[in-house]
2 protein chains.
Amino acid sequence: MTDGSAKIGGKITIKHVAQDAGVSVAAVSKVMRNAYGVSDAMREKVERSIDRLAYRPSTAARGMRGRTFSIGVLLVEMRNPFLPSLMDGAQKVLSEANYRAFMSVGEARAAIEKSLINAMIDLKMDGVILVAPRLSGELLASYAKQIPMVVIGHHEPGATAFDTVNSDDRLGARMATAHLIAGGRENIQMASLPRKNGDFDVYVEREKGYIEAMTEAGLENRVGVWRMREHPDRAGPRLADLLDLDPMPQGVFCWSDIHAVRLLNEAKVRGIDVPNQLAIVGYDNTPAAGLPLIGLSSIEQRGTEIGRLAADTLLSRIGGRATPQHILVEPELVLRSSS
Amino acid sequence: MTDGSAKIGGKITIKHVAQDAGVSVAAVSKVMRNAYGVSDAMREKVERSIDRLAYRPSTAARGMRGRTFSIGVLLVEMRNPFLPSLMDGAQKVLSEANYRAFMSVGEARAAIEKSLINAMIDLKMDGVILVAPRLSGELLASYAKQIPMVVIGHHEPGATAFDTVNSDDRLGARMATAHLIAGGRENIQMASLPRKNGDFDVYVEREKGYIEAMTEAGLENRVGVWRMREHPDRAGPRLADLLDLDPMPQGVFCWSDIHAVRLLNEAKVRGIDVPNQLAIVGYDNTPAAGLPLIGLSSIEQRGTEIGRLAADTLLSRIGGRATPQHILVEPELVLRSSS
DNA sequence: ATGAAAGCGCTAACAC
DNA sequence: GTGTTAGCGCTTTCAT
């Protein structure tokens with residue numbers, strides 16, 4: 001039996017609070033959870049003791065029975081400058097609901113992603129937000145049975161076990177491509193990634209939008225999707241090889257600013273006249289795109305809004321909603337000197 | 001141990017494993033923790049059951065008595081491109097030691113930082129890494145009594161309750177400044193931040209290095225530290241105002257690439273000849289600095305190494321080390337066209 | 001070497 | 001409205 005003498009430096013538990021307030025531990029628990037059946041007098045006593053003792057409930061202990069008020073965010077990687085705005089939006093909603101977000105990085109590798117999702121489940125987090133996971137739809141669904149889940153950057157409107165929030169990537173790609181076409185260009189390539197993952201990735205959706213726009217303009221026979229290798233040290237076509245094509249493309253739509261910025265640099269270094277000889281449009285409207293020395297046209301996908309919606313959706317899922325929700329956020333074309 | 005090979009089912013607990021293996025729960029616990037006093041036969045039986053049932057121990061339950069094998073990383077903010085390399089280094093060490101890292105963002109606000117550190121303590125994380133926190137040294141020390149802690153981007157070599165790992169910011173600033181001086185320049189300013197926080201922040205240390213280098217070159221009367229406002233929407237001097245000084249500086253050492261890149265852009269947009277009229281050196285050797293269109297000279301602080309050392313230090317602190325450790329990592333000057 | 005049992009700090013069912 | 005108590009899934013003595 002622990003006697004109630006408050007040890008200096010010892011951890012304050014619910015028992016100490018109960019004793020200090022002269023009530024039962026159940027009463028303290030109820031007050032904390034705003035549960036039914038607490039008199040005002042009791043509530044006040046307990047809250048005073050909580051303040052006086054600077055009591056903070058142990059999330060770990062809490063997790064064994066109830067909620068932890070923490071949610072996990074699994075990021076595909078850390079280097080995409082699109083992520084901070086996403087987190088801004090999510091954090092705002094979550095902190096207002098008294099939740100804390102904890103992020104982990106999956107490094108775009110399925111094994112790591114699995115182990116991290118498991119870790120979040122094992123920590124008894126109340127829900128997870130996955131950003132552009134590499135896992136298959138089936139696997140996601142099976143995890144979603146164990147923990148409320150919303151997925152960003154994964155187009156699977158048929159999924160029922162989890163929710164999704166996405167930029168309308170197909171529309172964004174159409175806007176970008178149509179803009180290049182409107183400039184009088186016909187030889188327009190798209191820079192994309194190897195098609196090695198599922199069919200739900202964002203760049204796949206962007207390819208569809210590119211092809212649609214080309215087709216609508218009667219340029220279906222000019223469609224060209226350039227799949228560059230993902231890592232510089234691997235084999236496969238390089239991004240810069242696009243500039244060696246004969247004839248050189250008049251326009252390139254890049255699935256991501258990360259690559260668009262690099263392509264733009266390479267082009268200017270080679271003395272290519274941008275946008276007259278070569279126009280470039282990217283995706284994400286990354287900070288670098290806005291630098292005057294870069295001046296990259298890009299699709300703004302409104303990351304803050306996406307993050308906000310994802311958090312809202314997750315909270316309602318945690319709250320008990322069972323019907324799936326699949327949200328598309330309308331993107332916007334931001335024009336700069338590269339096109 | 002198990003990285004979660006996607007076996008989904010009802011909740012498998014230690015009891016199920018014990019039953020399946022025909023041993024006691026204590027035995028299972030011991031096997032998992034590599035504790036002393038398990039026969040090879042028993043170990044094998046238990047491990048087979050663990051595999052067969054795809055058992056994963058509940059971190060939450062574990063946290064009530066022992067370790068959670070998860071560590072918290074508190075980031076000032078998410079937008080500094082220096083952070084990913086830091087995390088790369090830390091993750092590598094941590095994952096090899098079977099730990100998982102969970103990040104949270106303090107938004108450079110003390111109240112948020114405090115609440116997040118508390119949340120990490122309440123989740124029973126085994127340790128925390130703080131990156132450039134805004135909290136005072138005393139506050140950090142008081143938290144360090146509750147949880148093993150190492151701090152990055154905080155120069156307090158006298159701290160005893162926690163460890164620190166830093167770039168040798170003073171040296172880096174000296175190198176940058178000396179380089180500008182070596183180019184024959186005398187009117188060299190430093191772009192820094194308002195001196196509103198503690199004396200432990202990195203930019204304070206960088207200011208010292210700048211002043212030292214100027215003094216050594218006999219330019220102590222030319223020292224000028226330009227403190228720009230932190231947020232664009234606040235009042236106070238703007239970064240770009242540096243270019244309106246009369247006479248315009250011949251060189252600027254920026255405490256961070258984030259600002260250096262912006263200054264470089266502004267200068268080139270104004271038609272200023274860089275580096276002949278104005279040379280610029282930044283800090284962090286951010287990816288943007290390396291873009292040909294930018295070409296910013298910068299101090300590489302070797303983030304991966306810092307992250308690695310921080311994780312190592314934290315693990316040894318968790319392991320019981322009580323003597324404080326304060327590590328400085330030697331930076332490197334990377335020259336490009338801006339200087 | 002092995003297992004029974006006492007908690008860890010909470011929540012929630014059930015008494016009163 | 002309030003208290004008692006039985007767990008949650010582990011770790012850790014302490015017997016055997």
Side-chain angles (χ1 to χ4, degrees), chain A residues 1-4 6-7 10-46 49-50 53-70 118-119 121-126 146, chain B residues 1-2 10-46 49-50 53-70 118-119 121-126 146:
Chain A
M1 292 284 286
T2 40
D3 74 326
K7 288 192 212 168
K11 182 71 186 156
I12 305 291
T13 75
I14 197 173
K15 282 187 188 167
H16 298 122
V17 177
Q19 182 165 22
D20 183 86
V23 302
S24 72
V25 293
V28 178
S29 175
K30 279 180 186 164
V31 168
M32 287 193 303
R33 291 174 296 119
N34 282 313
Y36 182 79
V38 211
S39 68
D40 284 355
M42 157 142 295
R43 169 175 305 283
E44 202 181 333
K45 265 195 305 187
V46 169
S49 291
I50 286 179
L53 300 179
Y55 166 69
R56 295 195 325 264
S58 156
T59 309
R62 232 175 185 182
M64 294 192 64
R65 295 312 237 104
R67 300 221 166 141
T68 57
F69 287 95
S70 49
N118 280 332
I121 293 173
D122 298 341
L123 267 170
K124 293 287 181 295
M125 289 181 163
D126 294 340
Q146 306 171 61
Chain B
M1 292 288 167
T2 52
K11 289 187 179 310
I12 306 291
T13 75
I14 196 173
K15 280 185 189 167
H16 299 121
V17 176
Q19 185 164 20
D20 183 86
V23 301
S24 72
V25 295
V28 178
S29 175
K30 280 177 186 163
V31 168
M32 287 193 304
R33 293 163 17 242
N34 281 314
Y36 182 78
V38 245
S39 67
D40 286 352
M42 156 145 290
R43 169 175 304 283
E44 202 182 333
K45 263 195 306 187
V46 170
S49 290
I50 287 179
L53 301 178
Y55 166 68
R56 296 193 327 260
S58 155
T59 309
R62 226 172 192 186
M64 295 194 62
R65 294 312 237 103
R67 299 215 168 146
T68 58
F69 287 95
S70 51
N118 280 333
I121 294 173
D122 298 342
L123 267 170
K124 292 289 180 297
M125 288 183 164
D126 294 340
Q146 306 173 61

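Only heavy atoms go into these numbers, but all of them, side chains included; no hydrogens, no water, no symmetry mates. Small disclaimer: the values here were computed from a predicted structure and weren't measured. Residue numbers start from 1 in every chain, and the chains themselves are labelled A, B, ... in the order their sequence lines are given, proteins ahead of strands.
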Indicate whether the side chain of B/S29 and that of B/R33 have a donor and an acceptor atom separated by less than 3.5 Å. yes
Nearest nucleotide by nearest heavy atom, which residue falls closer to the 5' end of DNA chain C, B/Y36 or A/M64? B/Y36
Whole-Å distance, A/F69 CZ to C/dC10 C1', equals 13 Å
Using a 6.0 Å cut-off, check whether atom CD of B/Q146 has over 12 heavy atoms from anything other than its own residue. yes
Starting at atom CG of B/L123, determine the distance to atom C1' of C/dG9, rounded to an integer number of angstrom. 14 Å
Between D/dT4, D/dG1, C/dG3, spot the one nearest the side chain of A/S24, thanks. D/dT4
From NZ of A/K45 across to C1' of D/dG1 the rounded distance in Å is 11 Å
A correct 5'-to-3' footprint of nucleotides 10-16 of chain D, with B, S and - meaning base, sugar-phosphate only and no protein heavy atom under 4.0 Å, is BBB----
When the distance from CG of B/D122 to C1' of C/dG9 is rounded to whole Å, what number comes out? 12 Å
Verify the distance criterion only: is there a donor paired with an acceptor across the side chains of A/T59 and B/D122 at less than 3.5 Å? no
Looking at A/M42 and A/V23, what are the two nearest heavy atoms and their distance? CE-CG1, 3.0 Å
Which heavy-atom pair separates B/A60 from A/K124 by the least distance, and what is that distance? CB-CG, 3.6 Å
Is the side chain of A/D20 donor-acceptor paired with the backbone N or O of A/S49 at a distance under 3.5 Å, no angle test? no
